[in-house]
Amino acid sequence: MPSWIEEYALKTQGLILISGPVGHGKTTTLTAMVDIINTKRKCNIITIEDPIEYLHKHKASNVNQREVGLDTDSFHEGLRHIFRQAPDVMVIGEMRDMESFAIALQAADTGHLVMSTLHSHTATSSIERIIDIFPPLQQQQVRVQFAENFLLILNQRLVPLKKGEGRVLAYEKLTNSYRVKNLIREAKTHQIRSMLQQSTDDFITIDQSLARLCLEGKITQDAGLKFADNPVFYNEIVNRGIVR
């Protein structure tokens with residue numbers, strides 16, 4: 001995992017989303033971030049998972065793990081009762097319904113760090129998927145609330161290594177800069193990709209990440225091409241041999 005992940009994991013308030021297709025390590029990334037908090041921060045961490053895949057031991061923090069079906073009937077039912085346990089960090093295995101999204105945004109807005117996973121193709125489509133799950137009359141309010149509270153969207157892929165067995169992490173990173181916040185508020189999320197296509201502090205595309213792995217000799221150009229969002233842009237970067 002990239003070293004800068006720790007900076008976001010140790011934030012005390014806001015929303016962090018790990019997105020991507022099924023089978024590309026979202027739960028593992030989320031678990032690694034929980035372990036960073038558990039190791040370096042004294043706080044109360046409560047998770048709701050379906051099912052529990054990794055078991056955490058108490059370190060600097062107290063970690064209470066709840067499983068859907070055993071400890072609670074559903075994600076949103078568990079979230080409704082979670083505030084009684086005075087959590088500092090709330091970890092939602094996956095957000096699937098409007099009630100869960102609403103509670104997560106409320107929690108992030110009221111001083112909690114909330115982390116979850118989401119199925120989506122890109123970092124920017126993650127935003128639209130959240131907005132679209134709400135009724136049209138609520139969507140502008142949700143846009144403003146999301147823009148104010150999200151910290152990081154990490155959209156990831158696991159790409160086969162060039163040599164030997166195993167896979168390496170390629171990711172798309174979107175952080176909440178002033179520019180990104182305004183585009184979300186103004187319902188111009190689709191413009192983020194075109195306006196911030198070149199590598200910047202607030203947005204690194206999956207194509208740039210794949211190109212870097214290819215130029216470092218970790219993956220083949222063809223392997224990266226299979227996961228590229230914009231194949232033409234990806235090939236241009238690789239052929240140019242420079243990633244900003």
Side-chain angles (χ1 to χ4, degrees), residues 1-9 16-36 49-51 53-54 93-96 115-130 150-177 180 189-244:
M1 289 177 60
S3 58
W4 53 259
I5 281 285
E6 183 174 312
E7 173 190 348
Y8 292 92
I16 295 174
L17 292 175
I18 312 298
S19 65
V22 174
H24 282 265
K26 297 187 297 296
T27 300
T28 304
T29 297
L30 189 65
T31 300
M33 296 181 76
V34 172
D35 191 60
I36 290 171
E49 304 170 67
D50 181 23
E53 296 182 51
Y54 296 90
E94 183 183 346
M95 290 199 287
R96 302 172 179 170
M115 303 194 300
S116 186
T117 69
L118 183 70
H119 292 296
S120 64
H121 183 65
T122 65
T124 49
S125 65
S126 301
I127 301 171
E128 290 307 312
R129 182 175 176 194
I130 293 171
F150 104 88
L151 296 172
L152 167 71
I153 300 176
L154 183 74
N155 185 274
Q156 64 180 56
R157 302 289 189 278
L158 293 177
V159 186
L161 288 166
K162 184 176 182 179
K163 298 178 181 179
E165 297 182 357
R167 296 185 290 175
V168 64
L169 179 70
Y171 60 84
E172 190 162 88
K173 172 189 177 186
L174 179 65
T175 60
N176 198 2
S177 67
V180 171
T189 310
H190 61 283
Q191 293 185 15
I192 292 175
R193 305 195 77 81
S194 57
M195 290 181 66
L196 309 180
Q197 185 71 60
Q198 298 303 317
S199 183
T200 61
D201 290 337
D202 43 16
F203 188 44
I204 297 174
T205 69
I206 189 72
D207 300 322
Q208 291 158 339
S209 180
L210 290 165
R212 181 174 285 107
L213 292 172
C214 179
L215 293 173
E216 290 173 353
K218 294 179 180 178
I219 65 173
T220 65
Q221 186 167 350
D222 286 343
L225 192 61
K226 293 178 182 178
F227 295 94
D229 178 59
N230 185 335
V232 174
F233 181 58
Y234 164 76
N235 280 325
E236 284 178 357
I237 302 173
V238 173
N239 294 334
R240 193 169 61 234
I242 300 173
V243 182
R244 294 185 183 180

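From a predicted model like this one, the values you see are computed outputs, not experimental measurements.
- Remark: the backbone N or O of His24 is not paired with any side-chain donor or acceptor of Arg167 at under 3.5 angstrom.
- Within the 4.5 Å cutoff, the side chain of Leu154 has no heavy atoms near those of the Leu17 side chain.
- Considering all non-hydrogen atoms of both residues, Ile127 and Leu174 come closest at CD1-CD2, 3.8 Å.
- A donor-acceptor contact shorter than 3.5 Å is absent between the side chain of Asp207 and the backbone of Ala228.
- Considering all non-hydrogen atoms of both residues, Ile36 and Glu6 come closest at CG2-CG, 3.7 Å.
- With hydrogens and angles disregarded, a donor-acceptor distance shorter than 3.5 Å links the side chain of Lys26 to the backbone of Pro21.
- The minimum heavy-atom distance between Leu215 and Val238, with the atom names listed, is CD2-O, 3.6 Å.
- Atom CE of Met33 is separated from atom OG1 of Thr29 by 8.5 Å, given to the nearest 0.5 angstrom.
- The minimum heavy-atom distance linking Phe227 with Leu158 is given by the pair CZ-O, 3.9 Å.
- In this structure the side chain of Arg193 reaches within 4.5 angstrom of the side chain of Thr122, judged on heavy atoms.
- Between Leu152 and Thr175 there is a side-chain heavy-atom pair separated by less than 4.5 Å.
- Taking CD1 from Ile5 and NZ from Lys173, the interatomic distance works out to 8.5 Å, rounded to the nearest 0.5 Å.
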Decide side-chain contact (heavy atoms from CB on, under 4.5 Å) for Tyr234 and Ile206; before the verdict, give the C-alpha distance in whole Å, the side-chain angles of both, and the deciding distance to 0.1 Å.
-> CA-CA 9 Å; Tyr234 164 76; Ile206 189 72; over 6 Å; no
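- Counting heavy atoms from C-beta outward, Asn239 and Gln221 have side chains that approach closer than 4.5 Å.
- Nearest heavy atoms, Pro160 versus Ile219: O-CG2, 3.5 Å.
- To the nearest 0.5 Å, atoms NE2 (His121) and CD (Glu172) are separated by 8.5 Å.
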Trace of the side-chain contact (heavy atoms from CB on, under 4.5 Å) decision for Leu30 with Thr27 = CA-CA 5 Å; Leu30 189 65; Thr27 300; 5.6 Å; no
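- Nearest heavy-atom pair, Glu49 versus Glu53, reported as atom, atom and distance to 0.1 Å: OE1-N, 4.1 Å.
- No side-chain heavy atom of Cys214 sits under 4.5 Å from any side-chain heavy atom of Lys162.
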Dump the intermediate steps for side-chain contact (heavy atoms from CB on, under 4.5 Å) on Asp50 and Glu94, then the final yes or no.
-> CA-CA 8 Å; Asp50 181 23; Glu94 183 183 346; over 6 Å; no
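- The main-chain N or O of Gly93 is found under 3.5 Å from a side-chain atom of Thr117 such that the two form a donor-acceptor pair.
- Rounding to the nearest 0.5 Å places CG of Asp229 at 7.5 Å from OG1 of Thr124.
- Summarising the geometry, atom OH belonging to Tyr171 is positioned 11.0 Å from atom OG1 belonging to Thr205; distances are rounded to the nearest 0.5 Å.
- Here OG of Ser19 is found 3.5 Å from CG of Asn155. Values are rounded to the nearest 0.5 Å.
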